[in-house]
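Please read the structure below before turning to the comments.
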Amino acid sequence: MKIAILPGDGIGPEIMAQAVKVLNVLGERFELESADVGGAGYAAHGHPLPPATLALAKAADAVLFGAVGDYQYDSLERALRPEQAILGLRRELGLFANLRPAILYPELAGASTLKPEVVSGLDILIIRELTGDIYFGKPRGVRECPDGPFKGEREGFDTMRYAETEIRRIAHVAFQAAQKRGQRVTSVDKANVLETGQFWRDIVTDVHKEYAGVALEHMYVDNAAMQLVRAPKKFDVMVTGNMFGDILSDCAAMLTGSIGMLPSASLDANNKGLYEPSHGSAPDIAGKGIANPLATILSAAMMLRFSLNKAEQADRIETAVKKVLAQGVRTGDIYEQGTHKVSTEEMGNAVVRALG
Ligand code: NAD
């Protein structure tokens with residue numbers, strides 16, 4: 001099995017080195033091949049997604065991605081900025097389903113901004129549609145307002161749209177994920193106001209007929225945002241469109257205290273995927289050896305489960321991470337008094353030791 005390793009910029013190479021260390025001690029015969037991406041791709045090859053990197057990502061069975069971006073590239077024209085590499089990979093690999101688990105290990109309950117009893121033991125999965133919705137819908141632009149009370153003024157406009165196929169395929173991903181977890185799906189929309197929302201709801205309801213063992217509830221997005229901070233443990237799998245998912249998944253991320261703990265997956269129709277931590281390249285701490293590598297290590301676990309069919313190895317990594325946290329080993333972002341503060345590398349070593 002071939003894995004494309006794309007470390008990227010900032011803390012990317014530091015956290016990726018720890019994930020690679022973990023993959024190498026599992027006793028599997030993975031072929032790991034690295035390539036430049038983001039700012040590193042631009043610096044070495046003049047483009048954030050060099051052709052050789054894209055070719056490697058396409059040829060591999062899965063992609064493990066660090067993070068991209070650095071202040072030094074902020075003045076580049078938009079098409080050459082590091083972040084374009086992610087959009088290019090999503091488009092070229094047809095990655096339409098973004099899976100973001102939000103798990104709060106009981107040992108880290110104190111790191112959340114919510115009360116420990118509200119979040120301790122939280123384990124939810126947010127599934128965001130990635131390629132449709134108002135972010136890509138056309139027409140869009142700035143024009144002369146054609147009607148209404150502001151007729152003749154300049155106005156900005158975008159188009160929210162979802163094709164039936166786009167909704168069906170993301171609904172299948174959600175129901176199948178729920179089958180492997182708590183058997184419950186909450187579909188989030190704005191059906192009371194938006195035509196797209198009612199259409200989304202109708203199609204999800206229709207797909208649900210194929211999943212008799214899974215319970216489905218529909219929720220308006222404003223209520224979902226409220227419930228996420230009021231009683232987040234009531235959710236199992238939440239599925240929603242691109243824009244609502246963008247907002248709700250960041251909200252869920254913060255429930256868990258540190259962004260340094262959160263993995264993510266972006267999947268295509270055949271479960272081939274790109275796996276990356278939910279955080280960025282953290283240029284403020286790059287090179288200091290203090291970044292938390294657990295989100296990347298947990299992303300590697302998701303890769304084993306969803307793309308490489310190695311659920312047992314994924315369980316092993318997740319159990320090792322729990323063990324390390326229970327031992328009180330902490331990087332700075334999750335440190336509390338009474339625990340043991342370690343570097344990025346020491347955290348990686350601790351996970352390797354816990355794997356036995
Ligand atoms: P960020 O996630 O990089 O950092 C936000 C804060 O979280 C910083 O204080 C950082 O030090 C901290 N942090 C992030 N990851 C951490 C970790 N593993 N351990 C400890 N602390 C961690 O977000 P930002 O500062 O808004 O963006 C920085 C750069 O990253 C920008 O260039 C942005 O475009 C890029 N970015 C890339 C991705 C990606 O590669 N997928 C995602 C988001 C942002």
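When a ligand or atom number is given, it counts from 1 through the structure's own listing order. Side-chain atoms are counted along with the backbone in the values below, which use heavy atoms only and exclude waters and symmetry mates. Everything numeric in this text was worked out from a predicted model, so none of it was measured.
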Applying ring-ring contact (aromatic ring centres under 6.0 Å, His included) to Phe175 and not counting sequence neighbours gives His208, Tyr211
*Any donor and acceptor pair, going by atom type alone, linking the side chain of Thr159 with main-chain N or O of Pro139 inside 3.5 Å?*
yes
Practice task
Look up atom 24 (P) of ligand 1 and tell me if a protein heavy atom lies less than 4.0 Å from it?
Solution key: no
Under 4.0 Å from one or more heavy atoms of Ala67, ligand 1 contributes atoms 40 (O)
min-distance protein heavy atom vs atom 15 (N) of ligand 1 -> His279 CG, 3.1 Å
Geometry only, no angles: is Tyr71 polar-contacting ligand 1 at N/O separations under 3.5 Å?
no
Q) Short question: side chain of Asp268, backbone of Asn271 - any donor-acceptor pair under 3.5 Å? A) yes
For this session: Verify the contact flag for atom 32 (O) of ligand 1, where contact means a protein heavy atom under 4.0 Å away.
Result: yes
* Between Ser112 (side chain) and Ala109 (backbone), is there a donor-acceptor pair under 3.5 Å? -> no
For this session: Tell me, yes or no, whether the heavy-atom count around Asn309 atom CG, taken from other residues, nucleotides or ligands under 6.0 Å, exceeds 12.
Result: no
I'd like to check atom 44 (C) of ligand 1 in this structure: does the protein have a heavy atom lying under 4.0 Å from it?
yes
Check if Ile15 has a non-hydrogen atom at a distance under 4.0 Å from any atom of ligand 1. no
Atom 7 (O) of ligand 1 sits nearest the protein heavy atom Ile259 CG2, 4.0 Å
Closest to atom 28 (C) of ligand 1 by heavy-atom distance, out of Gly332, Pro293, Pro283, is Pro283
Under 4.0 Å between heavy atoms, the region of Ile290 that gets near ligand 1 turns out to be neither
If you draw a 6.0 Å radius around CD in Glu312, do more than 12 non-hydrogen atoms from other residues or ligands fall strictly inside?
no
The answer for which part of Val68 has a heavy atom under 4.0 Å from ligand 1 is both
Taking only non-hydrogen atoms of Ile86 and a 4.0 Å limit, the atoms of ligand 1 in range are 39 (C), 40 (O), 41 (N)
Taking atom types as modelled, find out whether Ser299 and Glu276 have a side-chain donor-acceptor pair closer than 3.5 angstrom.
no
Residues at least two apart in sequence or cross-chain that pass salt bridge (charged side-chain N to carboxylate O under 4.0 Å, His left out) with Glu346, listed by chain then number, are none
(message) Regarding ligand 1, does Ser278 bring an N or O atom to under 3.5 Å of one of the ligand's N or O atoms?
(response) no
Fill in: Heavy atom of protein inside 4.0 Å of atom 38 (C) of ligand 1, strictly below
yes
Atom 6 (C) of ligand 1: closest protein heavy atom, distance to 0.1 Å, is Asp284 OD2, 5.0 Å
When distances are taken from atom 21 (N) of ligand 1, the protein heavy atom at minimum range is Ile285 CD1, 3.6 Å
Between Gln227 and Arg230, does any side-chain donor sit less than 3.5 Å from a side-chain acceptor?
yes
Lys341 bridged to Glu336 by N-O distance under 4.0 Å:
no
I want to know if ligand 1 touches Gly280 in the polar sense, i.e. an N/O pair below 3.5 angstrom. yes
Q.
Between the side chains of Lys138 and Asp158, is the shortest nitrogen-to-carboxylate-oxygen separation below 4.0 Å, so that they form an ion pair?
A. no
*asked:* Heavy-atom contact check, 4.0 Å cutoff: does Ala295 meet ligand 1?
replied: no
### Query
Do Arg161 and Asp133 sit within salt-bridge range, that is, some charged N less than 4.0 Å from a carboxylate O?
no
Short version for Glu83: what comes under 4.0 Å of ligand 1, heavy atoms counted, is side chain
Measure from the side-chain N and O atoms of Asp9 to the backbone N and O of Gly39, and report whether any donor-acceptor pair falls under 3.5 Å.
yes
Problem - Worked verdict on Lys233 versus Asp123 for salt bridge (charged side-chain N to carboxylate O under 4.0 Å, His left out) - result: CA-CA 7 Å; Lys233 286 194 272 188; Asp123 182 359; over 6 Å; no
Any protein heavy atom < 4.0 Å from atom 1 (P) of ligand 1 = yes
With heavy atoms and a 4.0 Å threshold, my read on which part of Asn292 contacts ligand 1 is both
Nearest non-hydrogen protein atom to atom 29 (C) of ligand 1, with distance, is Ser281 OG, 3.3 Å
Side chain or backbone, does Ala282 bring an N or O within less than 3.5 Å of an N or O on ligand 1? yes
